[in-house]
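Here is the structure we will look at, set down as structure tokens.
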Amino acid sequence: MKAILLSRHGGPGVLRVTEIPTPDPGPGEVRVKVEAVGLNYAEVLSRKGLYGWAPRLPYVPGMEAVGRIDRVGEGVDPARVGEAVVVGAQHGAYAEWVVARSAQALPAPRAGSGEAFTMEENAAFTVNWMTAWVGLMEMGRLRPTDRVLVSPAGGGVGTAAVAIAAAFGCEVVALAGSDAKLDRVRGLGASRTVNYRRPGWREALAAEVGPRGVDVALEMVGGGVFQGVKSVLAPFGRVVVAGYAELDYTLWNPFSWWRAWRGTPRMGLTEMFKGSNGILSTHLGYLLRDPERVAGVWGELTAFVRTHGLRPAVGHVLPFEEMADAHRLMESRESYGKIVLRMPEAGA
Ligand SMILES: NC(=O)c1ccc[n+]([C@@H]2O[C@H](COP(=O)([O-])OP(=O)(O)OC[C@H]3O[C@@H](n4cnc5c(N)ncnc54)[C@H](OP(=O)(O)O)[C@@H]3O)[C@@H](O)[C@H]2O)c1
């Protein structure tokens, strides 16, 4: 089958389509014929060798795919063959076929009125929406009266978080690195916006939120953005750290290690005590290890999405062969919402 096998770390050019053996499902597993792949920022970090959850080289990257089950392993109901599913995994999705535990192949979600999401919307859903849901609901313990901050708000996880928090009834403050992205997230329900790449943005944020501050922040940039977000937490407020997009270092440059260390989100107990607030962190990898918990989160999230008529924001669709360009686009910070890669023979 065609797949992208990562055999060395580096720039987007290391992502080349090659031929590898087509996998067969083992006991308790299903095999999915992939129709589309959703791109995640963690895959940019893995490609550079900066992602702690990545396996040893060589491996096929890719954390989410959508398609149909075409073969099942021992112990899996053969009636699942033909089912349209979404797969969330640690790696393996940059390929024509992906093998996953049966419980990891979740039924493709449905939109508000019951009609199916498009293939691209399915590819934009699993990782981003589960991350946003767990960050806001399970960790942030959101209440409709809370004021919520999301940064960066214009990406895959960010657009999901803005839509979820707004639908839940919260006032949403969106942070992003471009005015164009901020205009678009207003359409998802953000009522206050700040561009953190403009000089004086911290003052602009303080003016925007006033003395009331924010109750829950979902923060995924790190560095100076995390510092600015932390400074506007209200008493009893909490910041949920789900990522560190600014993370960048190279082995041969000790200054870059120091910069990466300095930019790592952190909050000391004395600081928390002074502000009566706190810091939490979440990683979807822990959820994916626990099928029962995944089923619970999935049930609540998909019901919420149907009730509120929400749909993922698909910003860009590229052919699978252009994976290197997709990575370049994500790193350029020019992307909005989700970047989706379509397999050549995928239907409408
Ligand atoms: N904890 C988890 O389980 C989990 C799961 C999924 C994703 N994440 C994290 O959530 C964050 C968003 O992931 P995503 O897949 O939805 O990506 P994304 O938001 O679609 O794309 C990344 C965005 O990060 C912003 N950014 C800030 N500093 C950057 C930098 N130095 N280089 C490149 N981009 C930078 C850019 O937005 P602006 O131009 O607006 O700054 C860029 O568009 C990432 O940090 C990711 O690692 C965590």
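One is the number of the first residue; the rest follow in order along the sequence. Every number for a ligand or one of its atoms is a count from 1 in the order of the listing. Worth saying up front: this structure is predicted, and the values here are computed from it rather than measured.
- The protein heavy atom nearest to atom 45 (O) of ligand 1 is Met220 O, 3.1 Å.
- Of all protein heavy atoms, the one lying nearest to atom 43 (O) of ligand 1 is Lys181 NZ, 3.1 Å.
- Protein heavy atom closest to atom 34 (N) of ligand 1, with residue, atom name and distance, is Arg333 CG, 3.5 Å.
- Numbered from 1 in the order shown, with element, the atoms of ligand 1 that lie under 4.0 Å from a heavy atom of Gly156 read 16 (O), 18 (P), 19 (O), 20 (O).
- Geometrically, ligand 1 and Leu39 share no nitrogen or oxygen pair separated by less than 3.5 Å.
- Regarding atom 19 (O) of ligand 1, its nearest protein heavy-atom neighbour is Gly155 CA, 3.3 Å.
- Heavy-atom proximity to Leu284, at under 4.0 Å, picks out these atoms of ligand 1: 2 (C), 3 (O).
- Cluster annotation: Met343 is connected to Ile20 through the hydrophobic network of ILVMFWY side chains, with a link wherever side-chain heavy atoms come within less than 4.5 Å.
- At a 4.0 Å heavy-atom cut-off, ligand 1 touches Thr131 through the side chain alone.
- For atom 46 (C) of ligand 1, the closest non-hydrogen atom on the protein side is Tyr41 CB, 3.9 Å.
- The contact set between ligand 1 and Val221, taken as ligand atoms under 4.0 Å from a residue heavy atom, comprises 27 (C), 28 (N).
- Under the 6.0 Å distance and 45° angle rule, Arg266 counts as a cation-pi partner of Trp261.
- The atoms of ligand 1 that sit less than 4.0 Å from any heavy atom of Thr282 are 1 (N), 2 (C).
- Per-residue contacts place Ala176 under 4.0 angstrom from the following atoms of ligand 1 (heavy atoms of the residue considered): 40 (O).
- Counting only heavy atoms of the protein, atom 30 (C) of ligand 1 lies nearest to Ala245 O, 3.6 Å.
- Shown in contact with Ala242 at under 4.0 Å from a heavy atom are these atoms of ligand 1, numbered in order with element: 1 (N), 2 (C), 4 (C), 8 (N), 9 (C), 48 (C).
- Of the heavy atoms in Tyr196, only side-chain atoms (C-beta onward) come closer than 4.0 Å to ligand 1.
- The part of Pro152 lying near ligand 1 is the side chain, judged by heavy-atom distances below 4.0 Å.
- With ring centers used as reference points, His91 lies 6.0 Å or more from Trp53.
- Here Lys338 has no heavy atoms under 4.0 Å from ligand 1, in either its backbone or its side chain.
- The distance from ligand 1 to the heavy atoms of Glu246 drops below 4.0 Å at these ligand atoms: 28 (N), 31 (N).
- Heavy-atom contacts of Tyr244 reach the following atoms of ligand 1: 45 (O) (cutoff under 4.0 Å).
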